[in-house]
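Below you'll find the structure, written out as structure tokens, and then a few comments.
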Protein chains: 2
Amino acid sequence: MSETALRKDGHDGEAAVEPKTLVEAAYHRLRKDIIEGNLKPGQKLRVEHLKNHYDVGAGTLREALQLLMTDALVVAQGQRGFNVAPISLSDFEDITRTRVLIECEALRQSIARGTDEWEGTVMAAFHRLSRAEERLDWKVGSSREEWEARNKTFHEVLISACPSRWIRHFQQLLYRQSERYRRISMHTSPIPRDVHAEHVKLCEASVARDADRACAVLTEHIIRTLDAIRSLPPSLIEGDPAKLTKVARARARVLETE
Amino acid sequence: MSETALRKDGHDGEAAVEPKTLVEAAYHRLRKDIIEGNLKPGQKLRVEHLKNHYDVGAGTLREALQLLMTDALVVAQGQRGFNVAPISLSDFEDITRTRVLIECEALRQSIARGTDEWEGTVMAAFHRLSRAEERLDWKVGSSREEWEARNKTFHEVLISACPSRWIRHFQQLLYRQSERYRRISMHTSPIPRDVHAEHVKLCEASVARDADRACAVLTEHIIRTLDAIRSLPPSLIEGDPAKLTKVARARARVLETE
DNA sequence: CAAACGATAAATCTCGAGAAAAAGGATTGA
DNA sequence: TCAATCCTTTTTCTCGAGATTTATCGTTTG
């Protein structure tokens, strides 16, 4: 099943929980392909096509797609099937701002309620992330994936002492969304940020229980990614209207004249 | 399709959007039954049973259940089918606190960006809610439903000028969750609150663009419902352990001894 | 009395085929 | 060149039946 905070299985570290059903397996593989960009934003998801690729029945794949709507990585409308959720700069701005709100609140609660053991977990996750950052090479896929996983774990551990399941749920949702955008910026990042320095400050402030400073650092940390995306050519982000189908164009016309 | 803010069809006022597919129809009917308590919290949802009641195929019902996981009204695990999401006092406390955070932020953004037309819409929704409150009789179901719908609309309209789709999405999720609890408190409410007075103050502060005061009123307004639930006998809220299956009891024993 | 084991019953999960709907293409007319 | 209207092809949606897994019950054992 999914690792969302609201669902029972709970935490998802680096160790992958193996799916108990074909639907879950397809769900995880699809989600990975969407986040990694193998399935492009806005792309049509044809069941007949995908069921062969993922080697499951049609109904099974449909259920997996329904599950992906939970993460807002797939959208569906009426009788027109499924699409990968589109991306846009304004959407990422929204995600970023909302993520700042949620994640800061989560961090505050976590700092307020975290035990000494929590501090230890934070330090451990930070250390492992630092190691990954030392040998991080943006051009090597495996190196990126390792960093991505440990970065995710670090941020999760930071807010793991937050008692609110709903806050954690929203945090995971938004983090997952922003992962898609971060992939884009990492491929062609013109401004190499000193992410490690940001993580150092974030870790320090957190274990020092300085909630205000930690949130300030975290806020800037999150917004930096937005700036990186902003400096990218819009063609990478906005969907290409030229690739719309004839019917979609006709529909757009109708909507305009109404 | 669903009326969640992230999905395309957008706003959901009192006018119901008729479903275009059987899955959507079943989804809406199931959701209504869960929120209204016809399907009780924690209850097992057997596909073979329900497919007859809702008059759809097994696969169709399964897809509807997957969709309901999006709203966290249904939970599923491994190969053990679906259950109505359980309720608890601590869960409602979490929902309430998170809702305060989200809805206040939404209200702030809405007040900051709302136009004069928005003010008009707020006044209109408030007026209709007031009328419903005048003739509100807690014992009459239709009266309650009318109030419930207009109350929802009022709160939605208040934050309708909030430009963040994610904030609105989370607000709808949490509102829907709290609806289940509010139903319980309305059936056997020992302390009749003056909800109308709260709405008056909320409306006044909002159109006066006094964000701080509006949020303070809204916060208290939301928390009042929590107090109402707190004063209820716990048996109404916590699930009944006596109704667990034999296996579930055995499983609970195992988990205890570990 | 609690725990363990095995056979029966029930529910879930999965798949492929048929009905309904939408997309694409060709033709006609302005 | 563009819009409107058929017709064909593709895709989605829906259903029921078979394969697996899980729950229940009776019996046995420590």
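Numbers restart at 1 for each chain; the letters A, B, ... are given by sequence-line order, proteins then strands.
- Residue A/Leu50 contributes atom CG, which lies 13 Å from atom C1' of D/dT11 at whole-angstrom precision.
- Side-chain contact check for A/Phe92 versus A/Thr225: some heavy-atom pair is nearer than 4.5 Å.
- Side-chain contact between A/Phe170 and B/Leu174 is present, with heavy atoms from C-beta onward closer than 4.5 Å.
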Exercise for review: Scan nucleotides 11-17 of chain C nucleotide by nucleotide, 5' to 3', and note B when protein non-hydrogen atoms come under 4.0 Å of the base, S if they reach only the sugar-phosphate, - if neither.
Suggested key: SBSBS--
Point to revise | Steps toward side chain to side chain donor-acceptor pair (under 3.5 Å) verdict (B/Asp94, B/Thr98) | key: CA-CA 6 Å; B/Asp94 185 11; B/Thr98 310; 3.2 Å; yes
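- Ion pair B/Glu156/B/Arg168 not flagged as a salt bridge, since none of the NZ, NE, NH1 or NH2 atoms sits closer than 4.0 Å to an Asp/Glu carboxylate oxygen.
- For the pair B/Arg182 and B/Tyr175, the cation-pi criterion (under 6.0 Å, within 45° of the ring axis) is fulfilled.
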